[in-house]
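Note on naming: letters A, B, ... go to the chains in the order of the sequence lines (proteins, then strands), and numbering restarts at 1 for each one.
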Number of protein chains: 2
Amino acid sequence: MKMSGGVEWGLHCCVVLSGSGEPVPAARLAEFHDVSATYLAKQLQALSRAGLVRSTQGQAGGYALTRPAAEISVLEVVEAIDGADPAFRCTEVRQRGPLAAAPEACTRPCGIAAVMGAADRAWRESLRAVTIADLAADVTRTVGVDTLPRARAWLTR
Amino acid sequence: MKMSGGVEWGLHCCVVLSGSGEPVPAARLAEFHDVSATYLAKQLQALSRAGLVRSTQGQAGGYALTRPAAEISVLEVVEAIDGADPAFRCTEVRQRGPLAAAPEACTRPCGIAAVMGAADRAWRESLRAVTIADLAADVTRTVGVDTLPRARAWLTR
DNA sequence: GCTGACGTACTCGGATAACGTTTGTCCGAGTCCGATAGG
DNA sequence: CCTATCGGACTCGGACAAACGTTATCCGAGTACGTCAGC
């Protein structure tokens, strides 16, 4: 039960990208966060495929959010990078073994899968309730008012 | 974001073990579910280490629940097999890079980690609310009243 | 002076290796039951 | 007939490989800007 480490990077990138329409190159974002440039590029590609960011090629190109930060939930970023598949995958154990239940006798999903599905939905709902704008506001409140503006200035230097 | 497949096996084992104090060998449980005996043994060992089941050695030995099924939550089984560590691990990205925040300026946890932690708690709370007895009752209701008694009879044949 | 085309440098994107974790397997230590021999 | 001892077989437990997924990396395709020649 482990989430991809790229999720954290992707979220941080979305936060610093919020509020500025200027495209920022992946290499710049990587240098800012002091992480592997090539691997961060992979995460940004995933965000691009999901339609959360728009990529611009050529000089002065880079990545920018496609929507206002207030309209992007944390869940979307997580699902874009880590995948939208539920953590639990039912293998229909009931239908195996000497006393296997007939497939038609099995209500879908089975009790175990239902519990896991409910927990998964609770988890996703919790992430859906928070937006990138909320995260940015939190940074402003806890670390300092000028933190994000300074970051944006550095990124678009 | 993927849960260990052994969790499903462990839960099914707990369900069929509920209600009978008789120890059941791991090999028998594996045959019943038609899964790898050696690997299932590994999961049962994890449950044993967590104190959810008690192992008895020698002839007529095996595994049995230590507590009534109504007092064992699904969460306990999941944490015993899949580990209790949260899925998200904060690497303190804020403290890296050219504009790194000073460690003392960072409130713990940071906004991102806080959101992830809340989602994790929601997930766990959802799993904590269901017990093995609930799962057993669901089987009785959906598949058939005699399903579990027949399974127990087969296991202790 | 203006316009068009060209070259260049910079960007992303997908295909390609290395590592770690999970999955799967094996054999050894420990223990209980049954058989057996003695009282 | 009862009891203590011994043998055997069955059990779990931890240590040992293989496979998958994640992590990390590279090079090629595409595009926008700046330059330069022509009108």
Side-chain angles (χ1 to χ4, degrees), chain A residues 1-10 13 17 22-31 33-66 78 80-83 85 87-89 91 93 155-157, chain B residues 1-10 13 17 22-31 33-66 78 80-83 85 87-89 91 93 155-157:
Chain A
M1 193 66 181
K2 187 163 162 291
M3 186 182 302
S4 168
V7 170
E8 187 178 11
W9 300 4
C13 286
L17 285 177
E22 293 277 305
V24 179
R28 187 69 58 87
L29 286 167
E31 188 186 357
H33 291 116
D34 187 25
V35 297
S36 161
T38 52
Y39 189 40
L40 179 62
K42 199 174 185 56
Q43 318 304 337
L44 292 168
Q45 284 167 29
L47 293 178
S48 174
R49 248 173 280 148
L52 295 177
V53 300
R54 178 156 303 281
S55 67
T56 314
Q57 280 196 336
Q59 222 156 3
Y63 290 97
L65 298 183
T66 55
V78 171
I81 294 177
D82 201 52
D85 293 335
F88 181 84
R89 169 131 168 59
T91 60
V93 170
L155 288 170
T156 58
R157 62 175 164 169
Chain B
M1 194 63 181
K2 188 163 162 290
M3 185 182 304
S4 167
V7 170
E8 187 179 10
W9 300 3
C13 285
L17 284 178
E22 292 277 304
V24 179
R28 187 72 58 84
L29 286 166
E31 189 186 356
H33 292 116
D34 189 24
V35 297
S36 160
T38 53
Y39 190 40
L40 178 62
K42 203 177 183 55
Q43 318 303 337
L44 291 168
Q45 284 166 29
L47 293 178
S48 174
R49 247 173 280 147
L52 295 177
V53 300
R54 178 155 303 280
S55 68
T56 313
Q57 280 198 334
Q59 221 157 2
Y63 290 97
L65 298 182
T66 55
V78 170
I81 293 177
D82 201 51
D85 292 336
F88 179 84
R89 168 131 172 61
T91 61
V93 170
L155 289 170
T156 59
R157 61 175 165 169

- Evaluate side chain to side chain contact (heavy atoms under 4.5 Å, CB included) for A/Met1 paired with B/Met1, printing each intermediate quantity in order. CA-CA 6 Å; A/Met1 193 66 181; B/Met1 194 63 181; 3.1 Å; yes

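Residues B/Ala80 and B/Ala46 come closest through the heavy atom pair O-CB, 3.7 Å. Taking every heavy atom of both residues into account, B/Ala30 and B/Ala37 meet most closely at CB-CA, 3.4 Å. Nearest heavy atoms, B/Ala41 versus B/Tyr63: O-OH, 4.4 Å. B/Val53 and B/Thr66 make their closest contact through C-CG2, 3.5 Å (heavy atoms, listed as atom of the first residue, atom of the second, distance). Of all heavy-atom pairs spanning A/Ser4 and A/Ile81, the tightest one is OG-CG2, 4.4 Å.
The residue A/Gly6 sits apart from the nucleic acid: no heavy atom pair falls under 4.0 Å. Backbone-only contact: B/Gly62 has heavy atoms under 4.0 Å from sugar-phosphate atoms and none from a base. As judged by a 4.0 angstrom heavy-atom cut-off over every strand, B/Ala27 is placed among residues making no nucleic acid contact. In this structure, A/Ser55 reaches the sugar-phosphate backbone alone: every heavy-atom distance under 4.0 Å involves primed, P, OP1 or OP2 atoms, never a base. Among the atoms of the strands shown, base atoms are found under 4.0 Å from some heavy atom of A/Thr38.
Residues A/Thr56 and A/Lys2 each lie close to DNA chain D; by heavy-atom proximity, the contact nearer the 5' end of the strand is made by A/Lys2.
Whole-Å rounding puts the A/Arg89 CZ to D/dG21 P distance at 12 Å. Rounded to a whole Å, the CE atom of B/Met1 is 13 Å from the P atom of D/dT23. Put simply, CD1 on A/Ile81 is 17 Å from C1' on D/dG21, counting in whole angstrom units. In this structure, B/Gln57 places its CD atom 8 Å from C1' of D/dG13, rounding to the nearest Å. Atom P of nucleotide D/dG30 and atom CD of A/Gln59 are separated by 19 Å, given to the nearest angstrom. Here the P atom of nucleotide D/dT11 and the CG atom of B/Leu40 are 14 Å apart, to the nearest Å. Distance CG (A/Asp34) to P (D/dA24): 13 Å, rounded to an integer number of Å.
Within the model, atoms CG of A/Leu52 and SG of A/Cys13 stand 12.5 Å from one another, a figure rounded to the nearest 0.5 Å. Here the CG atom belonging to A/Leu47 is positioned 13.0 Å from the CZ atom belonging to A/Arg54, to the nearest 0.5 angstrom. Rounding to the nearest 0.5 angstrom, the gap separating the CG atom in A/Leu29 from the CH2 atom in A/Trp9 is 12.0 Å.
Of all nucleotides in DNA chain C, those with any atom nearer than 4.0 Å to a heavy atom of chain B start and finish, going 5' to 3', at C/dT23 to C/dC33.
Dashed line: the shortest gap from a side-chain N or O of A/Ser36 to OP1 or OP2 of D/dT23 is not under 4.0 Å.
Within residues 41-49 of chain B, the residues that place at least one heavy atom under 4.0 Å from DNA chain C are, in residue-number order, B/Lys42.
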